[in-house]
Student: 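Pasting in a structure now, in structure tokens, and then I'll have a few things to ask.
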Amino acid sequence: MKVLVIGSGGREHALVWKLRQSSRVSEVFCVPGNGGIGAEATCLPGDPRNIAEMLKVAHQVQPQITVVGPELPLSLGIVDEFSRRGLRVFGPTQAAAQLESSKSFAKEFMQRHQIPTAHYAVCSSEDELRKSLGLFSAPIVVKADGLAAGKGVVIAQTRDEAAAAGAEMFSGKLLGSPSSLVVLEEFLSGEELSFLVLSDGERVAPLVASQDHKRVGDGDTGPNTGGMGAYSTADMIDAPMVEWLLNHIARPVVAGMKSEGAEYRGILYCGLMMTATGPMVLEFNCRFGDPETQAVLMRMESDLIEAIEASIEGRVSEGVFRWSTDSSCCVVMSSGGYPGSFIAGRKISGLDRAAKLSNVKVFHSGTSQRDGSFYTAGGRVLGVTARAPELKTAIARAYEAVSMIDFEEMHYRKDIGARVIGKSGDRTTG
Ligand code: AMP
């Protein structure tokens, strides 16, 4: 069958790579894709934010299934538009995607369905925000309501700081466009964990857990980014915890959405804080994460297209996934300056050598190809991913591949996965 993937990052490269392993997939197209994806799929021009354009591409390609990578087209209703025209598409509808596109919707939904999450207040004006601040003690988490690509969350150390952050969200100073709602939240501490499930609107099947590294610098320092690396191991959470998360979070979310008339199909990404009093939901995403997808798909032994079809056709079961017990690690190589301004167009060397390492895959996040060479074309450039029976070996192999790759002003964290290795008494990397 022909499959169309929408998006242009490392997540989409990992999806394309995994889909191509299916004996049932004959051809993969990607719109718009990137330099690295172009080596494995036919890339077509188009802007994923423009649904009419995506429909035109689908009309041209005639895919049996379309897989949507990023959140923006989902929140704009791409699944509704494709489904209306009889096109099979993987992901939630616009109404269901509100779990990600509106933080106030997600918090109120969790309250209605008794899903564990931090105490909160939804504020519609600066005045209301200032009054609500009295209910919280510092630090206080301040969140803009809409999609903000990771930039809409401020952890304020004082009430004054929280009031100032809220004011900047209302005015548009922080994000470039004004937020009509701002959510205040109790600060939670603990270990963060990404728990993803596949849903068909009724049933769910868990994917393996993973953890990403949001801050740009080693030791979790510096500004937040889209993600600087991720790892996944078989023992991140045990079977009783998976069952708990399914029973108290994933299944109630899917049942709750169905009861509210917005069936949730696709990947439900639960961003969790594992607090001393139990897991709490920090956020939902309505799609695969980036760079967790690179680490997670490296461990998937079953056929991704089978799982996607099961979601579309309403027949998800636990048996839809098979996983390797190996661990995986993805190290993101970024342009110097990212997440601030950076210079693109740097020539990348060493990709051929790195590709020859066994159980290593270099996923491209932001590259372009010209005259047989690859050039940087984004903040996040590559996601160098390795898999091995033990996490420390996966980490070492990923960094071995990283050491072979070079471009001017490149940056990467040297401690991806190191904290967990340190904890178990093993040696750390970097
Ligand atoms: P979100 O987009 O809601 O996941 O928030 C982005 C990041 O902010 C999370 O990955 C956490 O690191 C942090 N964060 C969000 N909410 C809280 C909270 N209630 N307590 C502590 N940290 C939080």
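Residues: numbered from 1 along the sequence shown. Ligands are counted one by one from 1 in listed order, and the atoms in each one are counted from 1 as well. FYI, side chains are in, hydrogens and waters are out, and symmetry mates aren't considered; it's all heavy atoms of this structure.
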Student: Looking only at N/O atoms, are Asn224 and ligand 1 under 3.5 Å apart anywhere?
Tutor: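 No, no N or O pair falls under 3.5 Å.
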Student: Just do the side chain to side chain donor-acceptor pair (under 3.5 Å) check on His13 and Glu40 with the steps written out, would you?
Tutor: CA-CA 9 Å; His13 192 183; Glu40 295 176 49; 2.9 Å; yes
Student: Taking only heavy atoms of Ile155, which atoms of ligand 1 are found under 4.0 Å from at least one of them?
Tutor: 22 (N)
Student: Using a heavy-atom cut-off of under 4.0 Å, does the side chain or the backbone of Glu186 touch ligand 1, or both, or neither?
Tutor: backbone
Student: Hey, which atoms in ligand 1 end up nearer than 4.0 Å to a heavy atom of Phe187?
Tutor: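 Reading through ligand 1 atom by atom, the close ones are 20 (N), 21 (C).
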Student: Going by distance only, is there an N or O of Leu188 that falls short of 3.5 Å from an N or O of ligand 1?
Tutor: yes
Student: If the test is salt bridge (Lys or Arg N to Asp or Glu O under 4.0 Å), which one of Glu292, Glu12, Glu100 qualifies with Arg287?
Tutor: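 When Glu292, Glu12, Glu100 are each tested with Arg287, the salt bridge (Lys or Arg N to Asp or Glu O under 4.0 Å) holds only for Glu100.
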Student: Rounded to the nearest 0.5 Å, how far apart are SG of Cys330 and OH of Tyr231?
Tutor: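 Separation between the atoms: 13.5 Å.
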Student: Please identify which atoms of ligand 1 are closer than 4.0 Å to at least one heavy atom of Glu192.
Tutor: 9 (C), 10 (O), 11 (C), 12 (O)
Student: Is the Lys NZ or Arg CZ of Lys414 less than 6.0 Å from the centre of Tyr412's six-membered ring, within 45° of the axis?
Tutor: yes
Student: Got Val381 and Ser334 here, is their nearest side-chain heavy-atom distance under 4.5 Å?
Tutor: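 Side chain of Val381 against side chain of Ser334, heavy atoms only: no contact under 4.5 Å found.
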Student: Which option, Ile140, Thr275, Leu282, Thr117, owns the non-hydrogen atom nearest atom 23 (C) of ligand 1?
Tutor: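 The nearest heavy atom belongs to Leu282.
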Student: At a 4.0 Å threshold, what atoms of ligand 1 neighbour a non-hydrogen atom of Glu283?
Tutor: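 Close to Glu283: 1 (P), 2 (O), 3 (O), 4 (O).
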Student: Heavy-atom contacts with Lys143 under 4.0 Å: which atoms of ligand 1 show up? List them by number with element.
Tutor: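 Contacts of ligand 1 toward Lys143, numbered from 1: 3 (O), 15 (C), 16 (N).
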Student: Out of the candidates Arg88, Arg203, Arg265, only one should pair with Glu313 under the salt bridge (Lys or Arg N to Asp or Glu O under 4.0 Å) rule; please name it.
Tutor: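 The option that passes is Arg88.
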Student: Are His411 and Tyr338 an aromatic pair by the rule of ring centers under 6.0 Å?
Tutor: no
